[in-house]
Asker: 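Take this structure, written in structure tokens, and hold onto it; I'll ask about it next.
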Amino acid sequence: MPEANQPTRAEQNTPSEVPPPGHIDGPFDSRSIDLGRIESLQVLDEHGQVEDGLDPKYDDETLLKVHRAMVLTRAFDARMLAMQRQGQMGTFAPNLGQEACMIGQVWSLGPDDWFAPSYRSFGAQIWRGWSMEHLMRLWAGYHSGFPPPDGVKDLPFSIVIGSHVLPSVGLAMAMRRAQDAHCAVVNFGDGAFSQGSVSEALNFAAVEQAPIVFVCENNGWAISTPIDKQSGNDVLATRGLGFGVRSLRVDGNDILAMMMATQEACRRAREGQGPTLIEAVTYRMSLHTTADDPSVYRDESLVDAWKNRCPIARFETYLANRNLLSSEQADQVRAACEQEVLDARTQFRETAVAEPRQIFDHLYAEMPDELEEQRLEYLRRLDRKGVK
Amino acid sequence: MPEANQPTRAEQNTPSEVPPPGHIDGPFDSRSIDLGRIESLQVLDEHGQVEDGLDPKYDDETLLKVHRAMVLTRAFDARMLAMQRQGQMGTFAPNLGQEACMIGQVWSLGPDDWFAPSYRSFGAQIWRGWSMEHLMRLWAGYHSGFPPPDGVKDLPFSIVIGSHVLPSVGLAMAMRRAQDAHCAVVNFGDGAFSQGSVSEALNFAAVEQAPIVFVCENNGWAISTPIDKQSGNDVLATRGLGFGVRSLRVDGNDILAMMMATQEACRRAREGQGPTLIEAVTYRMSLHTTADDPSVYRDESLVDAWKNRCPIARFETYLANRNLLSSEQADQVRAACEQEVLDARTQFRETAVAEPRQIFDHLYAEMPDELEEQRLEYLRRLDRKGVK
Amino acid sequence: MPSITMVESLNLALDEALAQDNRVCLMGQDIGVNGGVFRVTKGLQARYGKDRVMDSPLAECGIIGTAVGMAIYGMKPIAEIQFSGFSLQAFDQIEQNMSRLRNRTQGRFEISMVMRTPYGGGIRAVEHHSESRETYWAHTPGLKVVIPSGPRNARSLLAAAIADPDPVVFYEPKSIYRAFREDVPEEPETMPLGKAQVVRPGEDITIISYGAMIRPVREAVDDLSDQHGIDVELIDLLTISPMDTTTLVESVRKTGRCIVVHEGHRTCGIGAEVVARLAEHGSFEYLVAPLRRLTAPDLPFPYFQVEQHFLPDPDDVVETACELMNWN
Amino acid sequence: MPSITMVESLNLALDEALAQDNRVCLMGQDIGVNGGVFRVTKGLQARYGKDRVMDSPLAECGIIGTAVGMAIYGMKPIAEIQFSGFSLQAFDQIEQNMSRLRNRTQGRFEISMVMRTPYGGGIRAVEHHSESRETYWAHTPGLKVVIPSGPRNARSLLAAAIADPDPVVFYEPKSIYRAFREDVPEEPETMPLGKAQVVRPGEDITIISYGAMIRPVREAVDDLSDQHGIDVELIDLLTISPMDTTTLVESVRKTGRCIVVHEGHRTCGIGAEVVARLAEHGSFEYLVAPLRRLTAPDLPFPYFQVEQHFLPDPDDVVETACELMNWN
Ligand SMILES: Cc1ncc(C[n+]2csc(CCOP(=O)(O)OP(=O)(O)O)c2C)c(N)n1
Ligand SMILES: Cc1ncc(C[n+]2csc(CCOP(=O)(O)OP(=O)(O)O)c2C)c(N)n1
Ligand SMILES: [Mg+2]
Ligand SMILES: [Mg+2]
């Protein structure tokens with residue numbers, strides 16, 4: 001895989017022609033500074049054909065597992081939308097078309113690595129070990145849906161845009177201090193990248209050489225705001241460079257490229273080679289959330305072009321070319337995934353319980369007296385209403 | 001003057017070899033992206049010799065006026081330090097060695113342009129029309145020292161690091177809306193650049209094509225924190241590029257380079273060509289403030305090298321070579337400036353009055369009843385103490 | 001006299017302000033073509049253009065910070081924060097510049113701007129979308145804090161907030177954005193800031209509330225009157241800061257009993273301030289029962305499956321009023 | 001039993017925590033070689049290395065946000081904000097993550113961390129360096145707020161805050177950093193959080209205060225006793241949130257009179273909360289004079305030439321106490 005751009009620090013081995021002097025102890029160097037290049041990684045082209053010599057040749061089992069995860073993500077997405085429309089689900093944020101970003105960014109993580117999802121990362125969460133029934137509870141507004149399942153080292157998903165990025169860097173800073181050879185992956189959107197705290201996070205990661213991989217899913221939209229109103233620069237990867245973080249651009253609809261880029265970035269992080277920013281270029285084909293109506297602000301014909309860039313279809317062409325998956329087998333995977341989602345829904349319906357009496361339980365390790373008094377007041381209200 | 005780097009937006013004329021596609025309506029472009037170069041501008045070399053063909057040939061009057069302003073700045077600096085040591089002044093932030101940054105960034109501004117100083121920008125403030133006596137009141141903790149003088153379109157100086165940068169962009173956004181062909185210059189430090197809000201400001205400026213010039217005085221230190229602990233990237237100008245802001249690096253101890261770079265950036269801003277970031281590379285030779293003791297955290301021999309790069313001495317060599325200023329004349333300027341500062345001190349001593357009874361006057365346009373009650377309580381306290 | 005919802009009346013007030021005064025401009029996330037996620041700014045970008053109704057990048061601090069700069073230049077920015085929970089991202093700009101620049105410049109700069117934002121619970125939203133933290137702003141000198149309770153006062157208070165020479169935090173009770181309609185006059189109207197309204201005069205007990213809570217309180221007041229023969233004086237604060245202490249003290253001096261009802265957390269909430277002002281004004285001399293606060297507990301707003309009984313409801317008000325009426 | 005200043009006792013508590021528990025780490029601007037601008041962390045980086053005593057970039061939001069992540073990973077970060085006025089830059093991380101992550105994860109994540117920061121006026125500093133906004137944190141569910149008043153309790157409260165499994169905002173009264181010395185024991189000691197201290201028992205009137213204000217209040221108390229024969233019960237809150245209501249109510253029930261004194265602004269200040277709690281606990285039945293708050297006005301802290309008489313002073317306390325004693 002091509003070497004991506006390196007931070008512009010003098011003492012590091014950068015592709016810049018003229019490394020700038022560390023100016024604290026040197027005179028001003030008036031030679032202009034070559035910033036180098038941002039690599040743009042694509043392995044599968046628009047038609048699912050692999051670029052010459054780039055095929056990472058992952059083993060069959062991995063490829064089929066990743067394929068199934070993408071299909072399952074899409075099945076979950078469709079079902080959640082349907083459930084929301086039928087009034088069985090809260091507001092939901094679909095992920096149609098971003099399945100490659102999602103699975104690609106987490107597939108190489110081990111159980112001791114950490115993942116910090118955005119609210120649109122359910123595919124990645126499923127891969128990480130969140131049951132779909134658990135995620136349904138989350139989206140349906142049950143408190144039990146929020147904490148990561150036992151053994152899963154994930155942050156809860158992030159609702160306040162960008163607010164999880166700094167804590168993710170903190171996780172990585174702690175890993176480095178503990179000399180644990182793990183890494184953290186944090187996922188956020190093109191809109192989130194406008195938050196100043198995300199810039200602060202890049203800078204802290206660079207200064208600390210924290211083992212973290214920033215995955216920015218640039219899907220062209222933040223609700224109704226297109227990327228050109230969001231940013232003065234189309235290539236968000238450039239920003240990483242500005243803070244001294246190795247940065248590259250990846251075709252986010254190309255699962256092989258996503259897998260390669262993240263695997264490499266995670267390896268580097270674990271080996272002490274510092275953070276990476278991956279800008280995954282993709283497209284939000286569906287609604288922002290079920291509360292949103294894109295027809296108000298975008299020409300839906302824009303979406304059509306992206307249907308042809310479907311990450312699952314592209315991957316299936318590749319798998320077919322490798323004789324790994326016939327179209328019948330693909331249909332079988334789809335059917336099995338659909339069934340798995342339905343089973344999860346059954347589970348969800350049977351097990352989700354609202355526990356209004358528990359809401360005070362976890363604010364503090366030990367309940368302060370004044371809060372206990374407030375809890376009793378609240379319980380009296382529930383009693384009066386006959387709420388259990 | 002060399003063309004500096006341009007934002008990486010597809011539709012703009014960038015020096016990048018392969019402009020990246022606006023991906024909302026195009027396929028992924030897998031060619032790597034050339035980020036171009038950051039120009040590093042120096043006109044006067046370390047010894048005050050002018051680089052071939054680069055001399056901007058400013059007229060004599062301008063050059064002498066600028067020289068005098070730099071000398072006056074230094075005289076003010078020294079006097080304020082002395083006054084602080086004698087207990088006649090509050091905490092003060094000296095600017096020794098940064099005189100070229102200071103005057104260079106404001107010399108080309110007109111009365112309808114705006115300037116937003118940091119707390120270390122007193123030289124620029126004097127140039128802009130703040131009397132030294134006014135600035136003494138400011139640093140001595142009188143309320144009357146804070147508001148800009150009548151007719152001076154400056155923000156009050158910024159104490160909360162980085163907090164003035166977004167409002168400065170707002171000024172420029174308003175100018176563009178009013179179709180006023182003015183611009184704003186905002187000054188901040190290398191430390192300030194770590195604040196997320198400064199990144200937000202760059203992005204807003206780029207998206208809005210706001211007529212603003214960001215001048216980051218990279219003086220190597222933020223109190224005790226050297227630039228390599230502050231940032232993962234030595235070349236802070238790179239950050240501007242990441243947000244789509246034209247960015248360049250300038251020798252901040254070279255007054256001619258500072259003058260050229262800012263004049264050009266302001267001209268572009270006024271003409272609707274958008275924002276520029278100038279990283280002025282300089283050095284904080286003195287204390288952070290009078291409350292600081294650099295010997296605790298830095299090897300003072302580092303400073304010695306910078307004595308040889310003194311912006312005033314370099315400029316005086318140039319002026320001497322142009323037969324504009326003999327060393328006797330330079331001494332005369334120094335003496336006159338010293339006298340001017342002493343006169344200001346006299347003025348300050350005669351006119352500065354603490355007005356404890358006025359502190360409630362300007363919180364709201366009209367005093368709310370509850371505040372009036374609190375004011376009366378406070379006045380009763382003053383009465384009791386016999387405070388006028 | 002059209003009968004409109006609060007979303008429509010706010011839209012109307014913004015439209016009127018944009019039409020009247022070309023210094024007025026709107027900024028915020030998704031407020032342009034999309035008309036805001038609640039559609040409060042619907043149609044305004046089409047009418048006034050992208051420079052006066054501006055879609056901002058996703059950065060609240062950036063929105064408030066640049067709005068402050070525009071105000072310094074003489075514009076009157078109205079900045080929308082999509083949900084009040086996200087105004088914390090802008091806390092530094094709000095406190096350090098928006099609230100203080102007039103004072104810092106001894107009156108030379110006028111920061112005539114409005115931060116509009118939907119607040120409060122009751123719409124079954126996800127975490128961080130149901131906050132009521134008006135205390136943060138009431139405790140910040142230099143700001144005014146205004147909270148309407150219905151379509152008609154929403155329009156006139158927003159007009160007054162925009163006209164005000166000082167920075168105003170305008171909290172919109174989103175749970176009643178579309179809950180009911182009211183007639184509004186054809187002509188623009190304003191209401192003075194800083195004045196509470198005696199919504200219903202009464203003799204037995206004073207209930208003080210504001211915003212979305214006025215609805216359940218009204219229900220309780222009717223019930224108290226109909227079922228219990230208790231004559232409540234109901235006061236709608238409308239402006240939280242500065243607070244109309246005189247109206248409050250006069251009422252409680254008359255009734256001798258008082259309940260404050262709000263959505264915000266209890267500790268250091270607006271209720272604490274109301275009670276403290278009454279106490280300072282000698283309430284111990286005229287009270288015949290203890291003061292009571294009915295508020296959200298000091299707990300983050302719960303997830304929506306269990307949010308239903310989190311806030312004070314009409315029964316709480318009735319029960320508490322009866323308790324105070326029967327105080328020995 | 002060395003006699004030390006508060007700066008020294010805080011340094012000692014940090015040193016003890018770093019030595020005892022290798023999960024503890026310090027982060028903040030200029031806390032390393034420089035030892036912090038007030039020298040509270042002096043010598044600690046040399047002793048514990050750059051990874052445990054870390055100089056952070058100039059970004060408060062970054063400091064708190066990354067500290068939260070370190071806490072999730074099991075460390076115990078103690079983050080210094082150079083002056084409390086700059087904690088607003090981190091407000092979003094404080095409210096959205098630090099205060100809520102335990103609740104959000106139903107107890108799975110423990111955010112055992114401390115945000116230390118010098119607060120308050122009286123050192124002739126520039127704007128934004130004299131704030132007392134403990135209300136912001138007291139009004140934020142999920143945080144504890146602790147404010148010591150002398151070298152000895154500073155050390156033991158800081159030790160308790162570090163040991164606490166929940167996030168603590170630790171406000172350090174910088175005007176008394178070096179104002180006086182106290183003996184501290186050789187061995188580390190802690191004090192329970194959430195308990196107020198009756199500093200001086202008395203019968204006539206209760207005065208409640210905390211932090212740097214305890215000093216002028218003590219002066220007044222002596223004066224009241226010596227010159228006026230008034231026997232004050234003085235309570236030092238120590239923990240602002242959660243508040244030790246029981247101790248407060250018991251005292252005022254006994255004395256029948258109460259003054260709250262603090263540096264924070266009046267509206268929705270801690271005094272409002274104290275008064276409201278007393279009022280809810282039937283203070284109208286046992287008070288013999290109105291409750292009084294002596295606080296900073298609702299005005300930004302003034303510039304240092306005119307700051308001297310901005311805060312309540314011993315004379316105010318004496319005058320108010322006498323007024324309440326003579327209430328008809
Ligand atoms: C701090 C904050 N501001 C605003 C919002 C409202 N909001 C929710 S999603 C969203 C757009 C996010 O866009 P992006 O980061 O590109 O992610 P995407 O939705 O495209 O996955 C906005 C503005 C929020 N949740 N948090
Ligand atoms: C938000 C904020 N955080 C911290 C401080 C304390 N402080 C004052 S100056 C300073 C260093 C600023 O460094 P830099 O931006 O490089 O400017 P310089 O002092 O070098 O001119 C710090 C940390 C502050 N004033 N505001
Ligand atoms: Mg997006
Ligand atoms: Mg600096």
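Sequence lines set the chain letters: A, B, ... in the order given, protein chains first and strands last, and positions in each chain run from 1. Quantities reported herein were computed from a predicted structural model and do not represent experimental measurements.
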Asker: Could you tell me the separation between the CG atom of B/L138 and the CD atom of D/E127, rounded to the nearest 0.5 Å?
Answerer: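 Rounded to the nearest 0.5 Å, the CG-CD separation comes out at 10.0 Å.
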Asker: Below 4.5 Å from any heavy atom of chain B, which atoms of D/H128 appear? Answer side chain, backbone, both or neither.
Answerer: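 Side chain only.
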Asker: Mind checking the CD-CD spacing from D/Q305 to B/E355? Nearest 0.5 Å is all I need.
Answerer: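 So the CD of D/Q305 and the CD of B/E355 are separated by 11.5 Å.
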Asker: Nearest heavy-atom pair of B/S194 and D/A59: which atoms, and what distance?
Answerer: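 Closest approach of B/S194 to D/A59, heavy atoms only: O-CB, 3.5 Å.
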Asker: Any idea which of D/L88, D/N34, D/V33, D/V37 has the most non-hydrogen atom pairs under 4.5 angstrom with chain B?
Answerer: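 That would be D/N34.
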Asker: Let me know if B/A192 has heavy atoms under 4.5 Å from chain D in its side chain, its backbone, both or neither.
Answerer: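 Looking at B/A192, just its backbone touches chain D.
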Asker: Is B/T225 in contact with chain D via its backbone, its side chain, both, or neither, using a 4.5 Å heavy-atom distance?
Answerer: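 Both backbone and side chain.
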Asker: Once rounded to the nearest 0.5 Å, what's the spacing between atom CH2 of B/W139 and atom OH of D/Y303?
Answerer: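 So the gap between those two atoms works out to 12.5 Å.
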Asker: Could you give the distance from CD1 (B/I223) to CG (D/D30), rounded to the nearest 0.5 Å?
Answerer: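 The CD1 atom of B/I223 sits 4.5 Å away from the CG atom of D/D30.
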Asker: Between B/Y119 and chain D, which part of the residue has a heavy atom less than 4.5 Å away: side chain, backbone, both or neither?
Answerer: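 Contact with chain D: none, neither part.
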Asker: Hey, is the main chain of D/P297 close enough, under 3.5 Å, to the side chain of B/R375 for a donor-acceptor pair?
Answerer: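 Flag not set: sc B/R375 to bb D/P297 has no pair under 3.5 Å.
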Asker: Taking CG in D/D222 as the centre, count heavy atoms belonging to other residues, nucleotides or ligands within less than 6.0 Å. Is the count above 12?
Answerer: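 Buried by this count: over 12 neighbours within 6.0 Å.
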Asker: Below 4.5 Å from any heavy atom of chain B, which atoms of D/Q308 appear? Answer side chain, backbone, both or neither.
Answerer: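 Neither part.
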Asker: For the interface with chain B, which of D/T267, D/V306, D/T295, D/L58 has the highest count of heavy-atom pairs at distances below 4.5 Å?
Answerer: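 Of the options given, most contacts go to D/L58.
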Asker: Side chain, backbone, both or neither: which part of B/Y378 has a non-hydrogen atom closer than 4.5 Å to chain D?
Answerer: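 Interface part for B/Y378: side chain.
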Asker: Just give me the residue among B/F146, B/Y297, B/F193 that pairs up with chain D most often, heavy atom to heavy atom, under 4.5 Å.
Answerer: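 Top option by heavy-atom pairs under 4.5 Å: B/F146.
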Asker: Non-hydrogen atoms of chain D under 4.5 Å away: do they reach the side chain of B/V387, the backbone, both or neither?
Answerer: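 Just the side chain, heavy atoms under 4.5 Å.
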Asker: Taking the basic N atoms (NZ, or NE/NH1/NH2) and the acidic carboxylate oxygens, is any pair closer than 4.0 Å for D/R266 and B/E377?
Answerer: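 Result for this pair is yes, salt bridge flagged.
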Asker: Under 4.5 Å from any heavy atom of chain D, what part of B/L371 do you find: side chain, backbone, both or neither?
Answerer: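 Only the side chain of B/L371 comes within 4.5 Å of chain D.
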Asker: At their closest point, which heavy atom of D/P312 faces which heavy atom of B/R381, and how far apart are they?
Answerer: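 What the structure gives for the nearest pair is CA-NH2, 3.7 Å.
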Asker: Around atom NZ of B/K385, are there more than 12 heavy atoms from other residues, nucleotides or ligands closer than 6.0 Å?
Answerer: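 More than 12 heavy atoms, drawn from other residues, nucleotides or ligands, come within 6.0 Å of this atom.
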Asker: Report the distance from atom CD of D/E60 to atom CD1 of B/I161, rounding to the nearest 0.5 Å.
Answerer: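 Reported to 0.5 Å precision, the distance equals 9.0 Å.
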Asker: With only heavy atoms counted, which part of D/L311 is less than 4.5 Å from chain B, the side chain, the backbone, both or neither?
Answerer: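 It is the backbone, since no side chain atom gets that close.
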Asker: Between D/F83 and chain B, which part of the residue has a heavy atom less than 4.5 Å away: side chain, backbone, both or neither?
Answerer: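 Neither part.
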Asker: Which one of D/D315, D/V126, D/D55 has the most heavy-atom pairs closer than 4.5 Å to chain B?
Answerer: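 So the answer, after comparing D/D315, D/V126, D/D55, is D/D315.
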Asker: What's the separation between atom CD in B/Q230 and atom CD in D/Q29, rounded to the nearest 0.5 Å?
Answerer: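 That separation rounds to 8.0 Å.
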Asker: Considering non-hydrogen atoms only, spot the tightest contact between B/Q374 and D/D298 and give its length.
Answerer: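 Closest approach of B/Q374 to D/D298: OE1-N, 2.6 Å.
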Asker: State, with a plain yes or no, whether a side-chain heavy atom of B/I159 is found less than 4.5 Å away from one of D/H129.
Answerer: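 A side-chain contact under 4.5 Å exists here.
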Asker: Salt bridge between D/E319 and B/R380, side-chain N to carboxylate O under 4.0 Å?
Answerer: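 No, this pair does not count.
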Asker: Does atom CD of B/E366 have more than 12 heavy-atom neighbours from other groups under 6.0 Å away?
Answerer: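 It does not: B/E366 CD has 12 such atoms or fewer within range.
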